[in-house]
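These notes concern the structure reproduced below.
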Amino acid sequence: MPRFSVPVPADFRLWRDCCSYGYFLLAPNTWDVDTQTLTRGLRVASGPVSVSVSQEHGAGEPLRVTTDRAVAAAERADISRQLTRMLRLDEPRDLMREFHKADPRWKRVGRGRLFRSPTMFEDVIKTVTSCNVTWPSTVVMNRRLCEVLGEAVGDTHTFPTPAKIARTRPATLRARCRVGYRDARIVELARLFMLPRSRGGVEPVWFEHPATPDDAVHDALLELPGIGPYAAANIMQLLGRYTRLPLDTESVRHGRTVLGMKGETKAMMKRMHEHYRPFGVHAFRSYWFELWEFYERKHGPAHTWERDSTGKMFTAALLSK
DNA sequence: GGTAGACCTGGACGC
DNA sequence: GCGTCCAGGTCTACC
């Protein structure tokens, strides 16, 4: 199997930083608990390729990347770029320091990076499939999207491209991918990712550019079909903009059981926003790692979770039991 | 600006 | 095994 290395920051640990957000359990991502390896299909110029990532030793050791076929040097660079986005290998060091200064609870364990997808498009679709649905359904939707519309490669798939979904009939998405009423919205989102910003389309470069103000990104996200306040705030954090909180019923459970808050849902949400406001531009990470720690206390370290057993557990309804 | 109800799926529950 | 109820965020119609 062809193999190459990807350098990482000195504080990077694959088992911790990959298993830091629920998307590591969603197809086409597969986390092998026994070998502590992440495998999935990625697209490069010559077509789909199955990529496995592991880290032999401790923090700072380069990633060992294995592909199921030979890839050109430029394609290895492309794979590195996609892994860098997923694992946030380029998270600015001073921003991590600032976060740990603002919330020292996570300095010792080194938490700071949040797993995401190789593209903004995949992050947006994953967010839409997590809205108004329990986690096991989100798992099914992503698996079927990949199996039906992604490209099979090795034992895995790629995530479907905007072009592929844009060509798919909503009824097909509903019937074969079990996305329910989200069908037309997902197809419309895919079409928007095919259009330039001048024609009302979504250009990830604009959303990801540091010079684009948070408010502008937020407003633009709310214009998209299927994206409301929760989804917009969640996509913001996936874009590395951590000021806003994507609060949902799970957040309310956290407020009640962990923070000891009381009251109706609406009042609780307001109090949650106030509670994390002092963390400023780091608010989401402070909130999320608190939530994640609760999950890990309940079910063990995330790097030991299996997608089809423990990985199905973390929903508000199941955790409140 | 705020609110009620529909949207769809899968799991829980009662019979 | 079947029917009913419920959770979940967004969208639209309505006040």
Side-chain angles (χ1 to χ4, degrees), chain A residues 21-23 25-27 117 120-149 165 168-193 200 202 215 217-239 244-257 263-273 284 287-288 291 294-295 298-299 305-321:
Chain A
Y21 191 70
Y23 289 4
L25 294 163
L26 295 180
S117 306
M120 177 184 167
F121 175 68
E122 185 177 330
D123 276 338
V124 168
I125 300 302
K126 278 185 158 54
T127 298
V128 170
T129 63
S130 72
C131 288
N132 197 28
V133 74
T134 53
W135 182 255
S137 294
T138 304
V139 171
V140 170
M141 282 186 231
N142 279 276
R143 197 187 72 226
R144 299 189 75 133
L145 278 169
C146 295
E147 288 172 355
V148 174
L149 300 173
I165 295 183
T168 306
R169 288 185 306 127
T172 304
L173 273 183
R174 181 180 295 225
R176 299 191 62 199
C177 305
R178 316 302 293 167
V179 299
Y181 66 88
R182 300 161 195 80
D183 55 358
R185 294 172 193 173
I186 290 175
V187 172
E188 183 56 23
L189 277 168
R191 287 180 181 150
L192 290 171
F193 270 81
V202 177
D215 287 346
V217 170
H218 191 244
D219 290 348
L221 289 171
L222 286 173
E223 292 290 313
L224 301 177
I227 308 297
Y230 166 81
N234 196 54
I235 296 166
M236 293 286 287
Q237 70 85 5
L238 290 162
L239 289 167
R244 289 178 170 78
L245 297 181
L247 296 185
D248 56 6
T249 49
E250 177 58 6
S251 319
V252 173
R253 179 211 51 77
H254 182 74
R256 290 210 170 93
T257 60
E264 294 301 310
T265 299
K266 207 174 158 187
M268 285 276 300
M269 295 256 193
K270 197 166 168 241
R271 290 191 63 193
M272 294 280 286
H273 281 296
F284 177 76
Y287 157 73
W288 183 257
L291 199 71
F294 173 80
Y295 293 152
K298 206 116 174 155
H299 299 295
W305 296 352
E306 305 273 4
R307 180 166 69 196
D308 297 324
S309 53
T310 317
K312 283 189 176 180
M313 288 301 289
F314 56 102
T315 65
L318 292 170
L319 284 167
S320 62
K321 286 179 180 170

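The figures that follow rest on heavy atoms only: side chains count, while hydrogens, waters and symmetry mates do not. Naming convention: chains lettered A, B, ... in sequence-line order (proteins, then strands); numbering from 1 in each chain.
Between the A:T172 side chain and the A:T168 main chain, no donor and acceptor come within less than 3.5 Å of each other.
OP1 or OP2 of C:dG9 sits under 4.0 Å from a side-chain N or O of A:T249. Side-chain nitrogen and oxygen atoms of A:K266 include none within less than 4.0 Å of the OP1 or OP2 phosphate oxygen of B:dG2. Look at A:R178 and you'll find a side-chain N or O under 4.0 angstrom from OP1 or OP2 of B:dG10.
When rounded to the nearest whole Å, the span between CH2 of A:W135 and P of B:dC8 equals 23 Å. To the nearest angstrom, C1' of C:dT12 lies 15 Å from CG of A:N132. Here B:dA6 presents its C1' atom at 13 Å from CZ of A:R182, a figure rounded to the nearest Å. Straight-line distance from the CD1 atom of A:I186 to the C1' atom of C:dC11: 15 Å, rounded to whole Å. Spacing between atom CZ of A:R143 and atom C1' of B:dT9 amounts to 14 Å, rounded to whole angstrom units. Summarising the geometry, the separation between CE on A:M141 and P on C:dG8 is reported as 14 Å, rounded to the nearest angstrom. With rounding to whole Å, A:E188 atom CD is found 17 Å from C:dT10 atom P. Between the C1' atom of C:dG8 and the CZ atom of A:R185 lies a distance of 13 Å, rounded to the nearest Å.
Scanning both residues, A:F284 and A:R244, for their nearest heavy atoms gives CB-O, 3.9 Å.
Nucleic acid contact for A:D183: none, since no nucleic acid atom lies under 4.0 Å from a heavy atom of the residue. Using a 4.0 Å heavy-atom criterion, one finds that A:L224 contacts the sugar-phosphate atoms exclusively.
Rounding to the nearest 0.5 angstrom, the gap separating the CD1 atom in A:I186 from the SG atom in A:C177 is 8.0 Å. Interatomic distance, A:L189 CG to A:I125 CD1, rounded to the nearest 0.5 Å: 5.0 Å.
If you run side chain to side chain contact (heavy atoms under 4.5 Å, CB included) between A:N234 and each of A:V128, A:T127, A:L247, A:D123, only A:T127 comes through.
Between the side chain of A:Y230 and the base of C:dG8, no donor-acceptor pair of N or O atoms lies under 3.5 Å.
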